[in-house]
Amino acid sequence: MKAAESSFADRLLGRVRLSGLLSLAAPVVAILFAALITSIVLLATGAPPLDTLVIMGEYGVQPRSIVLTLNSATTFYLAAIAVAIGFRMNLFNIGVDGQYRLAALISAAVGGAVVLPGPLHTVLVILVAMLVGAGWASIAALLKVKRGVSEVISTIMLNAIATALGSWLLNKERLAVEVAGSNNIGTKPIAESGRVPGLALIPGTEAKVFGLLFLAIAVGVGYHVLLNRTRFGFDLRATGQSETAAVASGVNVKKMIVIAMLLSGAAAGLIGMPQLLGASYSYSLDFPTGLGFTGIAIALLGRNHPVGIAFGALLWAFLDTSSSILQLHEIAPELVAIMQGTIVLSVIVAYELVHRYQVVAGQRRVSKELASGTPPQGEGASA
Amino acid sequence: MTEERDTTAEMRVEQVERVPSKFRFTWRTLLLALGGLVLLLSFTRFVTGAVDLTSAGAINATVALAVPIGLAGLGGLWSERAGVVNIGLEGMMILGTWGGAWGAIQFGSPWAGVLVGLLGGAFGGLLHAVATVTFGVDHIISGVAINILGLGITQFLSKVTFAEMKGGGDTQSPPVPKLDPVSIPGIGEPLKSLESQHWFLLSDLAGILRGLTTNVSLVTVLAILLIPVTFYVLWRTAFGLRLRSCGERPVAAESLGVNVYTYKYVAVVVSGALAGLGGAFLSLVASSAYREGQTAGRGFIGLAAMIFGNWRPGGLAAGAGLFGYTDALQLRRGGESVHALLLLVAVLLAGVAVYQLVKQSRTQAAVFTAAGAVAVFALFALTDSIPAQFTSVTPHITTLLVLSLAAQRLRPPAADGVPYRKGQAK
């Protein structure tokens, strides 16, 4: 049935598939719902909701804020891709957080210890980070395939262990030196040759966009190609959707689990790179934490789709950046955390509802076609 | 998730074939195991001189630290027995820490704080129930979202409430009204003098007894009572049978007239309330104020304790005790105490190796375990103390070790984590 033939009532009652438009509607509804909840919270604390949201929006589109948003979004995007690789195979890599912190620390130490010509230095740091991330993730992968330990629990435990290992390594007796001009300690700064210069993409501000923005884009493209254009990607998605079907078609599921976990860990290793090679040049105590959990949220928002995740990362970064203006108006910026949490929870509910609606709509469509005597197309005939 | 269960089921079958005599858990084995453990601890204390292994202080801290883990684990038990995986326990616990402190300050009574903390956790549980039961969202995804939301709400609320109070701040509440701990009268002093003799076994028993009977909070007593209560409700009443049937085979339960949605809702809300109680315990009893990040992942460790306990209250209590104990040791001369614990682990592993070799004739596994025992012993012999950074993760490493040894023998509820819709075919 063509969309042009359907009446509005048909669409309203779900006799037509609206898959493309509907799946776009879900996040929009979720964001509106989150704005509503935020407004209620604001009202309860005595602040004008609409004005507050407008203030946030206005601050968020200033040139400097846009640069900050792009920079955070780069990091968030990498985090979400790392999580999404696992998600596509029903693997919950909650350990992205520990993987990226350990990777950033060790690669920063390696980068600070050597001086290599130009791009080689940068490539070395990035490679070390990917290896460390994958290595830390491999513990959880091996525990799962060899001992049957759920990756959810093991990666959570490994996060805590990574924190301990990190604070043990980041000590003046081992990898750390004192940061000049403060009582903070960090790894030895990476020499000029290893740094990635920022780009002045946005006019009207001094602030520069991370050069590794392109790394994030490349990772996104690579993720898309790997999953949708290679046999490996097909196997991976098949295993995620139905393990029995995958086994029947000859997929070695245990091997797939290990490879997917290693890939996810390697991607997690990249998360710290834009910040490390583009801004701080050393891993110190104040390196951002908790990015792994942000990654989970954004991967959910973007439905594990490379473009969807990009939008999710931009939205998340926009909210983070624009929240800093709230302090000036004596509103707790943590308001944004409520907003983000509500968006995630309502978006997953909305996706589920859309999915159910589509199933029901499909059933109605087939039964209507059967009743009117026209043979249903495709799969319906075999029943 | 289902696939994983299938593989564990296969492995379990193999295990049964290999081990002909089935291990049965009775009161006798329990008492024997407890006695053996005390003997082993006493031996280790005697050899290494790490007095905190069995000191009253350490045991007291163990109980205090085991309670929030155990409550989170009980929360997990309630929800997973009804078939809902609850990884949002951490977020519900965070809500409980804030609720506990706020309620106690607002109403001037610690018991009001306990109640508000309980309600805060129950609110988180309700959210999880709406998402997973009504809307059929993936349980782990919903749980992660609740963790994010719980943290956000709590940070915001503490900024709105505590920051304006005297002695409070953005991330910290003012000191809360305290609950006085209770002791069994007339027992503390004699036990204390016996403990200070450092005799083999006798002093250790005295230390353990004194730790269990003096300076215990009433909330602790309540929490410990909740374990047998949970067992009774879930395993000895019709309500509990119905609730568990929703976690094993919801379709069958529905065909017998059980309203699966209602039972799942009740289970998940109770689960949240228990986690919230654990959170309130942290801010009211274990410390004297709400602080951001106070839970420090205890919700997750509680979940691990529940898995360790094979989805049973008794096992869960043992798991919580184990994690509480390792947590307590690291607080009390951590480097020395945890170092002494290495010897104990080495002895235990050696024992397991002998068991595998003699009773089960599993030579390869025995060699593997024995190698582990030797490695741990070497670590013990070659070092004097464990760096402070590592003692703090003793519970986490223990969790990983225990799960990697035991995960294949565990049996979760059959429909755990499987979304269910009313009227579905199978």
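Per chain, numbering begins at 1; letters A, B, ... match sequence-line order.
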Side chain to side chain, B:M93 and B:P68, heavy atoms closer than 4.5 Å: yes
Is chain B contacted by the side chain of [X], its backbone, both, or neither, given a heavy-atom distance below 4.5 Å?
| X | answer |
| --- | --- |
| A:I296 | side chain |
| A:L143 | side chain |
| A:L345 | both |
| A:S167 | both |
| A:T342 | both |

Is [X] close to chain A through its backbone or its side chain, or both, or neither, when contacts mean heavy atoms under 4.5 Å?
| X | value |
| --- | --- |
| B:I307 | side chain |
| B:T134 | backbone |
| B:I301 | both |

Any side-chain donor near an acceptor of the partner, B:T132 and B:H139, under 3.5 Å: no
Test side chain to side chain contact (heavy atoms under 4.5 Å, CB included) applied to B:T383 - qualifying residues, sequence neighbours left out: B:H339
As an exercise: rank A:R356, A:E352, A:Q340 by heavy-atom pairs under 4.5 Å with chain B and give me the winner. A:R356
Identify the heavy atoms of A:N90 and A:G240 that sit nearest to each other, and give their distance. ND2-O, 3.0 Å
Do the ring planes of B:F162 and B:Y290 sit parallel (below 30°), tilted (30 to 60°) or perpendicular (above 60°)? tilted
